[in-house]
Amino acid sequence: MCINVLLKVCWVGGAMPVSVTQRSFSPCRRRFNVLRQKPDLFRGETFTPLVSESALPRSVFHNYTARDVSAENCDCLNGGWCREGGDCDCSQFQGLGERCQIIPNIGQDRDGICRSWGQYHFETFDGIYYYFPGACSYILTKDCHSPEPQYTHWVHNSRSCRGSVYSCPRSLSLHFPSEEEITIAGYQVHKGGVRLSLPQTVRNVFLERLADYILVKSTFGFSLAWDGGSGVYVRMTEEHKGHACGLCGNYNDDGSDDLTTSSNVQTEDVADFGNSWVVQLPQERRCRSVEEEFPSPCTSESRMDDAIEKCSALLFFPFLSCHENIDPNPYVASCVSDLCVADDVDTFCRALVEYTRACSHVGYPVREWRDSFPQCYCISCPPTCTFEKECLGSNLHCLDGCYCPDGMILQNGSCISVSQCPCVYHGSAFPLGHVLEQGCSVCVCMGGIWNCTENNCTAECSVTATPM
Ligand SMILES: [Ca+2]
């Protein structure tokens, strides 16, 4: 059984193993708020969804026969319909642009997280969702403010992805000043071609595996989470506002200028924009640019109808509780694009997971949504681990996923008892019972916490010792 204990972990925050780098549990406050709202979470009908009835799927509220089917070739994106005059009706998922190529996420709690999932889905720091079917490597985000960028992140899309976008390989490259390239593929991290064990500190950057994610946190204010497959989530502190560039946009609280090319030209053309951020890798064959009028993944009307019908699930209970925090429209639209390509259970569940992740990441988890979708039963859980996870105390507030039973905690992919937790010192993990001596102090690792005592090892120390 897949038991969801999303909220529970915050109650026991003090009892969780706290390492030097994970002391802050303040993000949990929001979860307590969520907890207080618990009765409301189960009264879906009391919520007013962001989307108006007119914007809800026609498959739910309207009769299809009214739709014009003579103009099928507008190549509308993101669930847009072709109108009689050959233009796109983008109202369904509140899209904008000639082809409905962008959907602003109007949820009030996005928290400035840039997200990309399933190869082709992107939502910028400033909340602009777009679909860009690139088959190359791209600058996801980069520090464009300093002559020597503090960070540059590349995402390597599949050169050829047939079938479900979640089944194709994707990987990341992270670049920091005076450091060799760090690559992340699956759950393996390499630096300069050498595999790193986790957790690991590389100068200002701390890397670890937590639940289903690889987490990268830096002292200069960014966090990145990678789900091991295709999902990458980046959050930065306010001081980086307006300094970023790349597919994640410029992070200046203004969605209207997010499609700015690498030559600093604003465009409405997603292909122009995306192609401009391509990275040509010397060892790779030259990859194909995305055509300006790239086709919609939904080439068949009946497939799109089916996809909309299924993906509209995100507009109703149990997802209503998150609607005012995270606008579901971009996620329904991305789900439709995914199902138009591969209409299978895994793809559908991954699309739902993406929305619940966005909610979890900002502290508003959708509780027990899998109860309503038993086919999505713990889709990515390791067999021994079927629970949710704690707040991180990092810039990415809370992770979703599958977690460990009460009293257990996930460590390197398996569940162990809290008392067995290792302790972290200077970025390295030490097992239970490990003894560290530092000057007069002797510290023993006990349940993830260094238990330190002072010895009378020097004259100075003996002065401070308790008199007999
Ligand atoms: Ca912007």
Side-chain angles (χ1 to χ4, degrees), residues 50 77-78 90 93-117 120-134 138-147 149-155 172 174-175 218 220-225 231-279 290 292 324-331 333-334 354 357-358 361-362 395-397:
L50 270 181
L77 300 168
N78 301 321
C90 307
F93 302 126
Q94 318 276 296
L96 296 175
E98 216 168 70
R99 301 182 65 195
C100 323
Q101 66 267 33
I102 63 166
I103 302 179
N105 190 320
I106 53 172
Q108 54 185 284
D109 292 293
R110 292 192 52 263
D111 255 0
I113 295 174
C114 173
R115 354 173 40 86
S116 176
W117 65 100
Y120 310 139
H121 305 299
F122 297 85
E123 195 177 285
T124 64
F125 292 117
D126 296 332
I128 298 298
Y129 167 80
Y130 60 91
Y131 173 87
F132 171 65
Y138 302 92
I139 293 177
L140 184 66
T141 186
K142 177 180 170 182
D143 170 19
C144 286
H145 185 65
S146 322
Q150 279 188 298
Y151 60 86
T152 308
H153 307 326
W154 297 346
V155 61
L172 299 177
L174 315 181
H175 301 264
S218 81
F220 50 86
F222 95 92
S223 316
L224 178 148
V232 53
Y233 313 94
V234 185
R235 183 157 193 256
M236 290 197 288
T237 51
E238 303 252 318
E239 70 203 49
H240 292 281
K241 277 199 169 165
H243 298 168
C245 63
L247 294 183
C248 279
N250 58 3
Y251 191 31
N252 65 349
D253 292 333
D254 175 6
S256 71
D257 62 0
D258 277 9
L259 300 193
T260 297
T261 67
S262 58
S263 358
N264 208 23
V265 175
Q266 279 188 41
T267 177
E268 292 189 355
D269 188 316
V270 169
D272 264 1
F273 163 70
N275 288 332
S276 81
W277 292 106
V278 74
V279 180
V290 174
E292 197 174 314
E324 69 174 289
N325 312 110
I326 302 286
D327 182 356
N329 280 312
Y331 298 89
S334 64
E354 210 49 55
R357 268 188 188 169
H361 288 174
V362 297
N395 290 339
L396 264 177
H397 289 167

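Order of appearance sets the numbers: ligands from 1, and atoms from 1 within every ligand.
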Quick check: does Tyr251 put an N/O/S atom under 3.0 Å from the Ca ion (ligand 1)? no
Carefully, step by step, assess Phe125 and Asp258 under the rule side-chain contact (heavy atoms from CB on, under 4.5 Å). CA-CA 9 Å; Phe125 292 117; Asp258 277 9; 5.9 Å; no
Write the atom name of the N, O or S atom in Asp257 that is nearest the Ca ion (ligand 1). OD1
Phe222 versus Thr141: any side-chain heavy-atom pair under 4.5 Å? no
Proximity of His361 and Tyr233 rings by center, below 6.0 Å: yes
Taking N, O or S atoms only and a limit of 3.0 Å, check whether Thr124 reaches the Ca ion (ligand 1). no
For the pair Asp327 and Asn329, evaluate side chain to side chain donor-acceptor pair (under 3.5 Å) and give the outcome as yes or no after the intermediate values. CA-CA 6 Å; Asp327 182 356; Asn329 280 312; 3.3 Å; yes
Can you confirm if the aromatic rings of His121 and Tyr131 lie within a centre distance of less than 6.0 Å? yes
To the Ca ion (ligand 1), the closest N, O or S atom belonging to Asp258 is OD1
I'd like the atom name of the N/O/S atom in Asp254 lying closest to the Ca ion (ligand 1). O
Considering just N/O/S atoms, say which atom of Asp126 is closest to the Ca ion (ligand 1). OD2
